[in-house]
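All chains are named by letter (A, B, ...) in the order of the sequence lines, taking the proteins before the strands, and each is independently numbered beginning at 1.
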There are 2 protein chains.
Amino acid sequence: MTYEQLKLENQLCFPLYAASHLITRRYQPHLEKLGLTYPQYLVLMVLWENNEMTVNEVSKKLILNTNTVTPLLKRMESLELISRQRSGQDERKVIVRLSEKGRQLREDAASIPGKLARGFIPEVISVKEVADLMEKLKRIVGFLSEEKI
Amino acid sequence: MTYEQLKLENQLCFPLYAASHLITRRYQPHLEKLGLTYPQYLVLMVLWENNEMTVNEVSKKLILNTNTVTPLLKRMESLELISRQRSGQDERKVIVRLSEKGRQLREDAASIPGKLARGFIPEVISVKEVADLMEKLKRIVGFLSEEKI
DNA sequence: TGCGATTCTATCGTCTGCGATATAATAATA
DNA sequence: TATTATTATATCGCAGACGATAGAATCGCA
């Protein structure tokens, strides 16, 4: 009987967990200057691409539950980054829209990914390898986020 | 001026973040049967390999801050999975040890990684590709978790 | 039309996760 | 030895993250 599989180093889940947290930590000082948290930054990225979305659409896009997204959006509303408004067509829906402030943050945020990429890519991993990594991760995310499973 | 880099789909951070959460969700139903949360499971994996560790050693291994680990360990102590005891040699240190209950959970947990792997690997990603993914992630984790940076 | 099923958002409780800070013990050094 | 610096853990406050659940609006179908 072996417990090899139960070792931290032999599991995919842990490097994934650790890498995710570590990269979030790298973002943190840059985002702090803009008064944002990492999940708030994710919401803005989604809204920058599509200014008007329902709560449900945002949560689907970020693969988060609505009970995570609702308080997140309320905090962002109180920061005046977005507005929240009940839909007239369907009173169950809440439309989320970027505020002028939220829209303008895009310019300030634009330089962040490049800064982070320059910070670590060439030293440990090539651009090609990052692309390969992303492709695999997206495949996994795509599969695991399918409803039916 | 382009905002291509700011798109969710063009960033490494998001698939990492999403994949990490999604895999944790997969673990959840299995861990629930054992009365564990995912971070508690990580702590146990570390202790199964090394029965006696300080709080600091656990936090280093899991790449978490001690202000995350301390309450986590206290909850695990109240669940009687571990014991916590001040070191005699160095009164600043707290020694964390597996309880009999914590030790025995290893047998129940042993089947979990295999179940999850069978659940998704062959359908989306080959064993070889997973190994490649892990190698890249570990390289990133290794680099980002170096103190000096 | 009417009513049960579904959809959409929100609330609650619990467990992370982390920055800032506190406190005690130990180490280093003047 | 006395003082300062460092180390180890803990506390506090806040922001996620999610399971369970609630409540209102809409849909689907007899």
Side-chain angles (χ1 to χ4, degrees), chain A residues 17-33 35-43 53-60 62-79 81-82 84-96 145 147, chain B residues 13 17-33 35-43 53-79 81-82 84-96 145 147:
Chain A
Y17 169 90
S20 175
H21 287 314
L22 286 168
I23 290 197
T24 302
R25 281 188 215 166
R26 293 291 149 149
Y27 269 92
Q28 213 276 326
H30 297 282
L31 294 175
E32 196 176 28
K33 289 177 193 162
L36 296 175
T37 65
Y38 183 74
Q40 288 169 6
Y41 169 69
L42 293 181
V43 171
M53 295 174 83
T54 68
V55 172
N56 199 32
E57 286 167 343
V58 173
S59 76
K60 285 277 195 303
L62 298 183
I63 319 182
L64 291 171
N65 296 332
T66 59
N67 53 3
T68 297
V69 172
T70 293
L72 176 57
L73 292 175
K74 289 176 102 170
R75 281 187 290 271
M76 292 180 74
E77 185 184 35
S78 74
L79 292 170
L81 297 168
I82 60 164
R84 290 160 66 251
Q85 184 187 19
R86 282 278 160 194
S87 162
Q89 278 73 48
D90 185 339
E91 291 273 341
R92 295 171 303 179
K93 297 182 180 176
V94 169
I95 309 294
V96 180
S145 62
E147 289 298 330
Chain B
C13 65
Y17 169 91
S20 175
H21 287 313
L22 286 167
I23 290 197
T24 302
R25 282 186 215 168
R26 294 290 151 150
Y27 269 91
Q28 213 276 326
H30 298 282
L31 295 175
E32 195 175 28
K33 290 176 192 162
L36 296 175
T37 64
Y38 183 73
Q40 289 170 6
Y41 169 68
L42 293 180
V43 171
M53 296 174 82
T54 67
V55 172
N56 200 32
E57 287 167 343
V58 173
S59 77
K60 285 276 195 302
K61 195 87 177 174
L62 298 182
I63 319 180
L64 291 170
N65 296 332
T66 59
N67 53 4
T68 297
V69 171
T70 292
L72 176 57
L73 292 175
K74 289 178 103 171
R75 281 187 291 271
M76 292 179 74
E77 186 184 35
S78 74
L79 291 170
L81 298 168
I82 61 165
R84 289 160 66 250
Q85 186 187 17
R86 281 277 159 194
S87 163
Q89 278 73 47
D90 185 339
E91 291 272 343
R92 292 171 303 179
K93 296 182 180 177
V94 169
I95 310 292
V96 181
S145 63
E147 288 300 329

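- We find that CD of B:Glu32 is positioned 13 Å from C1' of C:dC15, with the value rounded to whole Å.
- Regarding contacts with the backbone of D:dG16, a side-chain N or O of A:Thr37 is found under 4.0 angstrom from either OP1 or OP2.
- Between the C1' atom of D:dG19 and the NE2 atom of B:His21 lies a distance of 16 Å, rounded to the nearest Å.
- A close approach under 4.0 Å does occur between a side-chain nitrogen or oxygen of A:Tyr17 and OP1 or OP2 of C:dG17.
- A:Ile82 places a side-chain heavy atom less than 4.5 Å from the side chain of A:Leu73.
- The nearest whole Å value for the distance from the OH atom in A:Tyr38 to the C1' atom in D:dG16 is 13 Å.
- Heavy-atom distances to DNA chain D give each of A:Glu91 and A:Met76 a nearest nucleotide, and the one nearer the 5′ end belongs to A:Met76.
- Side-chain contact between A:Arg84 and A:Ile95 is absent, with no heavy-atom pair separated by less than 4.5 Å.
- Between B:Gln40 and the phosphate of C:dT16, there is a side-chain N or O to OP1/OP2 separation shorter than 4.0 Å.
- The separation between B:Leu64 atom CG and C:dC18 atom C1' is 10 Å, rounded to whole Å.
- Shown here are the side-chain contact (heavy atoms from CB on, under 4.5 Å) partners of A:Gln28, two or more places apart in sequence or in another chain: A:Glu32.
- Annotation for A:Met53 and A:Glu57: closest pair CA-OE1, 3.3 Å, computed over non-hydrogen atoms.
- Between A:Arg86 and A:Glu91, none of the side-chain N atoms (NZ, or NE/NH1/NH2) sits under 4.0 Å from a carboxylate O, so this pair counts as no salt bridge.
- In this structure, B:Gln89 atom CD and C:dA24 atom P are separated by 22 Å, rounded to whole Å.
- Heavy atoms only, all atoms of each residue included: A:Thr66 and A:Pro71 are closest at O-CD, 4.2 Å.
- Judged purely by atom type and a 3.5 angstrom limit, B:Thr68 has no side-chain atom pairing as donor or acceptor with the backbone of B:Leu64.
- With C:dA25, C:dC18, D:dA15 as the choices, the nucleotide that has an atom nearest any side-chain atom of A:Arg25 turns out to be C:dC18.
- Distance CD (A:Gln85) to P (C:dT9): 13 Å, rounded to an integer number of Å.
- As a whole-Å value, the separation of A:Asn65 CG from C:dT11 P is 16 Å.
- One atom, CD1 of A:Ile63, and another, P of D:dC18, lie 10 Å apart when rounded to the nearest Å.
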Exercise. What string of B, S and - do you get for nucleotides 8-13 of chain D 5' to 3' if you count protein non-hydrogen atoms under 4.0 Å?
Worked result: SBSB--
